[in-house]
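Down below is the structure, laid out as structure tokens.
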Amino acid sequence: MTQRTNPQGQPIGDDVPGWTGAPSIPDTPMRGRYCDVVRLTLSHADDLFRAYGTDAHGTVWTYMPVGPFDNADGFRDWMTQATNSRDPLFFAIIDKATGKAIGVASFLRIDPANGVAEVGYIAFSPLLQRTRMATEAMYLMMKRILGDLGYRRYEWKCDALNAASQDAARRLGFTYEGTFRQAVVYKGRNRDTAWFAIMDHEWSQLQAAFSRWLDPANFDASGQQRTTLQQLITTDAFA
């Protein structure tokens with residue numbers, strides 16, 4: 001592809017014809033087959049505190065700026081702040097089989113003018129980790145940003161030492177873009193931040209892969225996946 005230049009011969013970026021910005025992110029529910037992603041409210045506090053209580057060692061919170069929470073009152077105090085926030089915009093992940101909230105995630109660093117948003121504050125209890133619901137929740141949030149609202153860029157950032165988060169980002173189709181050294185101080189310690197992102201032009205292929213992975217036909221009688229999400233993302237058989 002030939003690099004565009006201005007009349008002075010300097011390289012410049014591609015035009016973005018008709019771009020006037022993206023809409024604000026609504027807090028309406030995102031409905032799935034296995035889970036729903038709904039605006040976080042204090043009505044979810046008891047279910048969430050119980051769900052996080054199944055994490056005996058508090059590892060859910062190691063790389064989070066908050067937690068772990070020793071008691072329900074402290075957790076409710078944080079929940080009160082989270083429910084009043086618009087950026088981050090917090091959602092609860094609801095298990096459709098039980099109706100219980102079992103995890104939290106948010107949109108943050110929301111920039112409609114440039115069409116950029118990040119997914120973060122992902123705190124999945126052990127009841128949600130490594131389940132179809134966990135993948136579906138991330139798909140539903142991705143679909144809202146890149147599919148429904150037409151944002152140009154969807155970001156994932158994490159502590160560069162958080163190998164599980166980096167693995168999750170890659171599995172979900174995010175591309176590693178680099179590490180910002182000494183980017184954050186949290187809980188009294190340094191954080192080098194690993195950056196990942198998905199672009200709008202990558203969405204249609206990812207949506208097809210997620211749809212096939214989440215299909216009940218992709219799981220055997222014991223619930224084991226027949227084809228991995230990464231295999232579906234990297235193959236062009238579904239395109």
Side-chain angles (χ1 to χ4, degrees), residues 22 24-27 30 35 37-40 44 48 51-52 55 58-69 75 78-79 81-94 101-112 114-125 128-129 133-149 151-187 189-200 202-203 206:
S24 298
I25 302 174
D27 60 7
M30 293 164 267
C35 72
V37 181
V38 305
R39 183 73 165 99
L40 184 69
H44 300 125
L48 285 169
Y52 292 130
D55 173 25
T59 55
V60 168
W61 307 101
T62 299
Y63 299 106
M64 299 285 286
V66 298
F69 299 95
F75 181 69
W78 174 75
M79 282 277 296
Q81 297 176 42
T83 56
N84 288 329
S85 172
R86 295 296 301 183
D87 189 349
L89 179 61
F90 284 93
F91 290 84
I93 292 93
I94 308 297
I102 54 175
V104 166
S106 77
F107 297 122
L108 68 157
R109 301 184 184 274
I110 302 165
D111 181 3
N114 290 299
V116 180
E118 178 183 342
V119 61
Y121 263 99
I122 301 169
F124 286 0
S125 77
L128 180 55
Q129 294 168 11
M133 292 181 290
T135 298
E136 185 176 52
M138 292 294 93
Y139 163 69
L140 291 171
M141 295 181 74
M142 189 185 303
K143 178 178 180 293
R144 170 147 296 179
I145 296 300
L146 296 173
D148 300 342
L149 301 178
Y151 277 61
R152 302 180 65 238
R153 175 180 170 87
Y154 190 48
E155 298 178 336
W156 177 298
K157 304 186 187 84
C158 63
D159 191 313
L161 297 175
N162 188 350
S165 183
Q166 293 206 46
D167 288 346
R170 291 186 173 95
R171 174 180 174 269
L172 293 168
F174 288 82
T175 297
Y176 173 70
E177 296 184 327
T179 296
F180 283 30
R181 297 174 298 166
Q182 294 189 189
V184 175
V185 176
Y186 74 119
K187 294 182 174 176
R189 61 181 188 253
N190 175 66
R191 185 178 102 166
D192 296 347
T193 298
W195 284 54
F196 297 80
I198 295 170
M199 304 298 110
D200 53 357
E202 298 167 329
W203 166 241
L206 287 172

Problem - Side-chain donor or acceptor of D87 paired with backbone N/O of I110 under 3.5 Å - result: yes
Practice task
Without swapping roles, check the side chain of T83 against the backbone of L40 for a donor-acceptor pair under 3.5 Å.
Solution key: no
Handout entry: Criterion ring pair (Phe, Tyr, Trp, His ring centres under 6.0 Å) on F75 and F69, from CA distance to verdict
Key = CA-CA 6 Å; F75 181 69; F69 299 95; 5.3 Å; yes
Practice task
Please round to the nearest 0.5 Å and tell me the distance separating atom CG of L140 and atom CD1 of I93.
Solution key: 9.5 Å
Practice task
Would you check if H44 and V104 make a side-chain contact, meaning some heavy-atom pair closer than 4.5 Å?
Solution key: no
Exercise for the section: Tell me, yes or no, whether the heavy-atom count around R152 atom CZ, taken from other residues, nucleotides or ligands under 6.0 Å, exceeds 12. Expected result: no
Handout entry: Within 45° cone and under 6.0 Å: R170 NZ/CZ vs Y176 ring
Key = yes
Practice task
State whether the number of non-hydrogen atoms from other residues, nucleotides or ligands found under 6.0 Å of R181 atom CZ is greater than 12.
Solution key: no
Exercise for the section: Kindly say whether A123 contributes a backbone atom to a donor-acceptor pair with the side chain of Y52 at under 3.5 angstrom? Expected result: yes
Problem - Atom of N190, atom of A183 and distance for their closest heavy-atom approach - result: OD1-N, 4.5 Å
Practice task
Tell me, yes or no, whether the heavy-atom count around R109 atom CZ, taken from other residues, nucleotides or ligands under 6.0 Å, exceeds 12.
Solution key: no
Practice task
Decide yes or no on side-chain contact (heavy atoms from CB on, under 4.5 Å) for I102 and M133, but give the supporting numbers first.
Solution key: CA-CA 10 Å; I102 54 175; M133 292 181 290; 3.6 Å; yes
Practice task
Indicate the atoms forming the closest heavy-atom contact of L48 with M79, along with that distance.
Solution key: CD1-SD, 4.0 Å
Problem - Side-chain touch Q129/V60, heavy atoms, less than 4.5 angstrom - result: yes
Exercise for the section: Take Y63 and Y186 through the test ring pair (Phe, Tyr, Trp, His ring centres under 6.0 Å) and record every step on the way to the result. Expected result: CA-CA 9 Å; Y63 299 106; Y186 74 119; 7.6 Å; no
Exercise for the section: Tell me, with the steps shown, if W61 and V66 meet side-chain contact (heavy atoms from CB on, under 4.5 Å). Expected result: CA-CA 7 Å; W61 307 101; V66 298; 4.0 Å; yes
Problem - W195 and F180 aromatic ring geometry - parallel, tilted or perpendicular at 30°/60° bounds - result: parallel
Handout entry: Interatomic distance, L149 atom CG to F107 atom CZ [nearest 0.5 angstrom]
Key = 8.0 Å
Fill in the blank from the handout: In terms of heavy-atom contacts, G120 and L108 come closest through N-CD2, 3.3 Å
Problem - Pairwise distance CZ(R153) to CD(E177) - rounded to 0.5 angstrom - result: 4.0 Å
Problem - Audit row: W78, F90, ring pair (Phe, Tyr, Trp, His ring centres under 6.0 Å) steps and yes/no - result: CA-CA 12 Å; W78 174 75; F90 284 93; 5.6 Å; yes
Handout entry: Residue pair W203 / K143, side-chain heavy-atom distance below 4.5 Å
Key = yes
Handout entry: Atom pair CG (L206) and CE (M142), whose distance is rounded to the nearest 0.5 Å
Key = 6.0 Å
Practice task
Report the distance from atom CG of N162 to atom OG1 of T62, rounding to the nearest 0.5 Å.
Solution key: 8.5 Å
Problem - Check: L172 and F196 side chains under 4.5 Å, non-hydrogen atoms - result: no
Problem - Under 3.5 Å: donor-acceptor pair, side chain of D192, backbone of Q182 - result: yes
Practice task
Give the minimum heavy-atom separation between M138 and A105, together with the two atoms involved.
Solution key: CE-CB, 4.0 Å
Handout entry: Test log, rule side-chain contact (heavy atoms from CB on, under 4.5 Å), inputs R144 and V37
Key = CA-CA 11 Å; R144 170 147 296 179; V37 181; over 6 Å; no
Practice task
Heavy atoms only: give me the nearest A137-C35 pair and the separation to one decimal.
Solution key: N-SG, 3.8 Å
Exercise for the section: Using a strict cut-off of less than 4.0 Å between a Lys/Arg side-chain nitrogen and an Asp/Glu carboxylate oxygen, indicate whether E118 and K157 qualify as a salt bridge. Expected result: yes
Handout entry: Least distance between heavy atoms, A160 atom then T179 atom
Key = CB-CG2, 4.1 Å
Practice task
For Q166 and C158, indicate whether the former's side chain and the latter's backbone hold a donor-acceptor pair under 3.5 Å.
Solution key: no
Exercise for the section: Quick one: pull up CE in M64 and CD1 in I122 and give me the separation to the nearest 0.5 Å. Expected result: 8.5 Å
Exercise for the section: Could you walk me through whether V119 and Y154 pass the side-chain contact (heavy atoms from CB on, under 4.5 Å) test, one step at a time? Expected result: CA-CA 7 Å; V119 61; Y154 190 48; 3.2 Å; yes
